[in-house]
Chemist: 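Structure incoming, see below.
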Amino acid sequence: MARAAEDRHRDRRLAMVRRQIEGRGVCDPRVLEAMRTVPRHRFVARSLAGDAYKDYPLAISAGQTISQPYIVALMAEAAAIGPHDRVLEVGTGSGYGAAVLAELAASVISVERHRKLADAAGRVLAELGYTTATVVCSDGSQGHPPGAPYDAVVVTAAASRIPPALIDQLADGGRLVIPVGPPSFSQNLTLVTRKGDETFSKRFCPVRFVPLVEES
Ligand code: SAH
């Protein structure tokens, strides 16, 4: 019974990658494999598990959302994560994005401001054996200085401007992927690359995220 359910989720997951992700042009083989591997249905409420592989975001608790699968893949591809990279995620939410990043990187620190979400995500990640992903409950607009510098920073909440702390915590050659724009409208997914003390920005896709709360 449980086996049959897992097989059904797996079939849906493979179809999701083919149609929604490869079908829209994501082609990094490691990203595609990560998206085929992470059991997204484990990161949503049981009542939503049947919708976990559909082409849209889903509600999680605390009024937040788990991003659409395609956007998770697009951001991971843009961050160009290598197997030796140290990654910071801002906005753990369900923990799904952290699991995808953990499939790609050497280590992931994911920061979430809601204690309840941070605890739940940490639990699921541990149950699934993601020992290289660590969830921290704090204000991610300040990054997470103890783990810096990061080869990649992925922000999954909308910022009206790029928090300077996140640039400061990027390694030389590091990549920051962040939705930039007004919280109530659509934002531009933006890739910032650091080269020495210079940064280069490129906008590449309109998106819609919940706001990045800036507490300090
Ligand atoms: N990556 C998530 C989706 C996150 S939704 C997933 O895969 O499910 C955005 C998350 O960012 C929300 O959980 C929200 O609480 C969190 N967030 C918003 N502002 C934040 C901040 N300043 N620091 C840390 N987390 C923040």
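Indexing begins at 1, ligand by ligand and atom by atom, following the structure's order.
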Chemist: Is there a donor-acceptor contact under 3.5 Å linking the side chains of N188 and T190?
Modeler: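 Side chains of N188 and T190: no pair found under 3.5 Å.
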Chemist: Kindly check if the number of other-residue, nucleotide or ligand heavy atoms within 6.0 Å of CZ (R10) is above 12?
Modeler: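 It does not: R10 CZ has 12 such atoms or fewer within range.
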Chemist: What residues form a salt bridge (charged side-chain N to carboxylate O under 4.0 Å, His left out) with D11, not counting sequence neighbours?
Modeler: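 Result, salt bridge (charged side-chain N to carboxylate O under 4.0 Å, His left out) vs D11: none returned.
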Chemist: Using ring pair (Phe, Tyr, Trp, His ring centres under 6.0 Å) as the criterion, list what pairs up with H41, not counting sequence neighbours.
Modeler: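 Only H9, Y53 meet the ring pair (Phe, Tyr, Trp, His ring centres under 6.0 Å) criterion with H41.
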Chemist: Once ring-ring contact (aromatic ring centres under 6.0 Å, His included) is applied, what residue pairs with a partner in residues 80-107 remain, sequence neighbours excluded?
Modeler: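 Residue pairs with at least one partner in residues 80-107: F43-Y96.
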Chemist: Kindly tell me which protein residues have any non-hydrogen atom under 4.0 angstrom away from an atom of ligand 1, grouped by chain and ordered by number?
Modeler: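 Heavy-atom contacts below 4.0 Å: Q64, T65, I66, E89, G91, T92, G93, S94, Y96, G97, V111, E112, R113, H114, L117, S138, D139, G140, S141, T156, A157, V210, P211, L212, V213.
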Chemist: Identify the heavy atoms of S94 and A121 that sit nearest to each other, and give their distance.
Modeler: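 That would be O-CB, 3.5 Å.
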